[in-house]
Amino acid sequence: MTTILIRGARILGGAPRDILLRDGVVAEIGDLAGAEAGQTIDAAGLVALPGLVDLHTHLREPGREDAETVETGTQAAARGGYTAVHAMANTSPVADTAGVVEQVWRLGQESGHCDVQPVGAVTSGLEGRQLAELGAMADSAARVRVFSDDGKCVSDAVLMRRALEYVKAFDGVVAQHAQEPRLTEGAQLNEGEVSARLGLTGWPAVAEEAIIARDCLLAAHVGSRLHVCHVSTAGSVEIIRWAKSKGWDVTAEVTPHHLLLTDSCAETSPLGPYNPIYKVNPPLRTAEDVRALREALADGTIDCVATDHAPHPVEDKETEWAAAAMGMIGLETALPVVQEAMVETGLLDWAGVADRMSARPARIGRLSGHGRPIEPGAPANVTLYDPSVRRPVDPTAMASKSRNTPYEGMTLPGRVVATFLRGRPTVLEGKLV
Ligand SMILES: [Zn+2]
């Protein structure tokens, strides 16, 4: 088994320490000048974080291998500093049976770039008519704990209630894509001044907030665990803050793009107005919403950052706004965007970043081998990050099979230098191993 000595890393931004990885675990931490190792890595100036965990990744396989595969998506994850991702269920076929989730889980094991934890669909075929085989997916080799119809909302209150009740048996959680369907028919962009000026059908904040409020009440009523996907409005934050103040078991995530970009990108971006690179579900909101989301992530009302990495082939994005697919890739830019939005602004330190991008998402997804502090005995899932550089985002240099990043041309801070999955490097010198 390999032994790797990381020299002079700043764990969570603290004083430089040496970290010895041996047999898949963190073996020793301290001044290890005399330690023997098969490989030594100079980490002077680098911040060491526990391997990042994403609760919300679209790997597209099976069905849309033209956009992404488990292989390319997990490569992108490793390049972004991730050691585990949750693969969303809206594949083709839908991950709504033990067979499909086991297929995705096995593909993840074969890829080896990071752990892949499949998410199971809540309803068969994401059709919102009957519950999928939740118990069979939980009992399968994939041991599914997170269930979501993401991409679609479980809008039927009775089905949502049943799902919340059902997952209690195996400590599961329902991750809701909160979007009231009738209020968002044909919706294109956040309902507001920008959508009015551009003549794009508005996507009102209330369509998200109404479902979140309902689901918090349902989760409390049946005593179950609810997770709210990609929170995007200031009003949603207020509802979640209220639900948490009641002691209800509600958690929430925010995407990097909702922490940095606003609906004005659709009007005034250097990439040109009406550029569908900014079309995403839920839509980019206002500067006021961004401020509220940042504050909520900082104070813990929003538990974690989740990428909602949504790869699309060029032909599905480079078309007119109304016809374009919704979504943007995000695995390889998540940490730089969080540094820009949260660390450079003084809202989070590196310990806070580790908590919101590793510890809490691992806990919500019940991934016991991830999200642990970097300390002796913990699985050696470690990311080495250089926060001191700034560089332009280059989509052509990304590992993802798709190129739909909204940050093209922007300059962002930071660079993932190395990622270790159970002591084995998946990325070194910024490159895939
Ligand atoms: Zn979604």
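Counting convention: from 1, in listed order, for ligands and their atoms alike. Index from 1, following the sequence.
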Would you call D386 and R415 a salt bridge, taking side-chain N to carboxylate O under 4.0 Å as the test?
-> no
Answer yes when E208 and R285 have at least one side-chain N-carboxylate O distance shorter than 4.0 Å, and no when they do not.
-> yes
After noting the C-alpha distance and the side-chain angles of I240 and I212, does the key distance pass the side-chain contact (heavy atoms from CB on, under 4.5 Å) rule?
-> CA-CA 8 Å; I240 292 161; I212 294 175; 4.0 Å; yes
Residues in salt bridge (Lys or Arg N to Asp or Glu O under 4.0 Å) contact with R143, at least two apart in sequence or another chain | none
Near the Zn ion (ligand 1), which protein N/O/S atoms fall under 2.8 Å?
-> D150 OD1, H177 ND1, H230 NE2
Given the side-chain rings of H230 and H177, with only the six-membered ring counted for Trp, is the space between their centroids under 6.0 Å?
-> yes
Taking NZ, NE, NH1 and NH2 as the nitrogens, is one of them in R182 or E185 under 4.0 Å from a carboxylate oxygen of the other?
-> yes
